[in-house]
Amino acid sequence: MDEFHREGDDLFCESVPLAEVARSAGTPVYIYSHAALERAYRELDDAFSGAGLDHLVCYAVKANGNMAVLRALASFGAGADVVSGGELYRAMRAGFDPKKVVFAGVGKTENELTAGLGERILMFNVESVSELEHLNRLAAMHGKHARVALRVNPDVDAGSHPHLSTGLGHSKFGIPVEEAAALAERMGEYRCVDLIGIHQHIGSQLLKVSPYVESVEKTATLVEELKSRGFDIRYFNIGGGLGIRYLDEETPTPKDLVDALRPALAATGTKILCEMGRYIAGNAGVLLTSVLYRKRSGEKSFIVADAGMNDLLRPSLYDAHHDIQPVKDDIGTARADLVGPVCESGDYLAKDRELPDAREGDVLAVMGAGAYGFAMASNYNSRPRPAEVLVRGDRWAVVREREHYSDLIKGEIVPAFL
Ligand code: LLP
């Protein structure tokens, strides 16, 4: 059963009517389903188990770093993929086992590298020679050894939105796959760094298995070559990126993906890591927003809501499609733009679409908002960020309070010379 479903006129998350949450927690509010998080995680985990592959599914914290979401994933047995000191801090506080944490990112600072060493994380995904040098020096200074995977850039077009493709030759990410073996040969110079893995990630919201297969085959060849040269490569991290359905996309299932990758992965004889964010969290969340006004401007009809680009940036930034559903289903449809209160003409949640013909006070659900929703929210226009709620069965709880105005000026200082 879909965790977000209708019972009569009402939209539910698991056993909780969303109108009730909107009434009591206010809007805008993000709602996450514990059951949907668990189902998506298990689909991935089972796909690898079913293919007989030793593996660890890491959750890409960047997609949704709420502490309750992280705690739930840690409790399912997931690892964590972090890309900053802040994400590492969250992951540790949420209870992830440091031995299941991988640290990626093209620009890790010394403080971040040191924090990762301090936590004895599973490995750093290293993206450049300079980073390797810094990590080696810091590890030596702290009397530690850093386990690393080299992130290679397989130069494969992921076929996704240009902002979401990371595996092309001209991208800032990773080390060209052809240069990785030479770098590995030089790694003996770095005495406090142990090369244990190879990492790749070609992009996000991938809707086809073929670029994934192409890149994994390319990188698997490197893994096998390094192993044959005597390197103790024990891990192959294939990245994240599995796409989800926002509109009517044909999406591969985790099983489709893993079955297609299986021959190449099995041949490496390594433990397989993946780092999925969107697949786990994307369809496990919605954003509820209340309609403030209806207005017409010439031919156009606008639904003005209390959530905008500062709450959910994806439509403005990527022209991303999110389905809009009424929380109560008795209102018909109308052609309109659903816009937010932010002072930018790019501030919209849906543009020129057949939308619920909502009146003032009605609550709308923006679907598929569990990944890269709150995570990319901002305080632009000095708007407090929304509350977040987690539903589990018939229980629900606010897992992040709505920000107050005092949060907006937290840390700001008016100096004495004024
Ligand atoms: N691993 C690495 C190295 C990544 O850069 C990313 C995402 C992931 C894993 C997780 O990818 P996923 O499984 O979630 O596709 N803000 C954009 C998405 C940016 C993704 C950035 N990197 C959006 O809203 O669509």
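Counting starts at 1 for both ligands and their atoms, in listed order. All values reported here derive from a predicted model rather than from experimental measurement.
- Shown in contact with Met376 at under 4.0 Å from a heavy atom are these atoms of ligand 1, numbered in order with element: 16 (N), 24 (O).
- Set against the non-hydrogen atoms of Asp81, the atoms of ligand 1 under 4.0 Å away are 1 (N), 9 (C).
- Between Asp352 and Arg335, at least one side-chain nitrogen of the basic residue sits less than 4.0 Å from a carboxylate oxygen of the acidic one, meeting the salt-bridge criterion.
- Contact atoms of ligand 1 toward Gly241: 11 (O), 12 (P), 13 (O), 15 (O) (distance under 4.0 Å to a heavy atom of the residue).
- Here's the thing with Arg314: one of its N/O atoms is less than 3.5 angstrom from an N/O atom of ligand 1.
- Checking only distances, Ala104 never comes within under 3.5 Å of ligand 1, N or O to N or O.
- The aromatic ring centres of Tyr246 and His322 sit less than 6.0 Å apart.
- Of all the atoms in ligand 1, the ones that sit under 4.0 Å from a non-hydrogen atom of Ala60 are 10 (C).
- To the nearest 0.5 Å, the span separating CG on Leu117 from NE2 on His142 amounts to 6.5 Å.
- Using a 4.0 Å cut-off to heavy atoms of Arg151, the atoms of ligand 1 that qualify are 3 (C).
- At a threshold of 4.0 Å, the pair Lys300-Asp337 counts as salt-bridged, since one of the basic side-chain nitrogens sits closer than that to a carboxylate oxygen.
- Between Phe173 and ligand 1 there is no heavy-atom distance shorter than 4.0 Å.
- Classification of the Phe48-His55 ring pair by plane angle, with boundaries at 30° and 60°, yields parallel.
- Using a 4.0 Å cut-off between heavy atoms, Asn125 makes no contact with ligand 1 at all.
- Residue-ligand proximity, Gly240 to ligand 1, at heavy-atom distances under 4.0 Å covers atoms 9 (C), 13 (O).
- Ionic pairing of Glu214 and Lys218 is not present here: no N-O contact between side-chain nitrogen and carboxylate oxygen is shorter than 4.0 angstrom.
- Of the listed options His199, His201, Arg278, His201 places a heavy atom closest to atom 2 (C) of ligand 1.
- A salt bridge links Lys62 with Asp81: at least one charged nitrogen is closer than 4.0 Å to a carboxylate oxygen.
- Near Met276, with a cut-off below 4.0 Å to any heavy atom, the atoms of ligand 1 are 13 (O).
- Close placement of the Phe76 and His34 rings is indicated, their centers lying within 6.0 Å of each other.
- Within the listing of ligand 1, atoms 12 (P), 13 (O), 14 (O) sit less than 4.0 angstrom from a heavy atom of Gly277.
- Of all heavy-atom pairs between Phe173 and Asn153, the closest is O-ND2, 3.3 Å.
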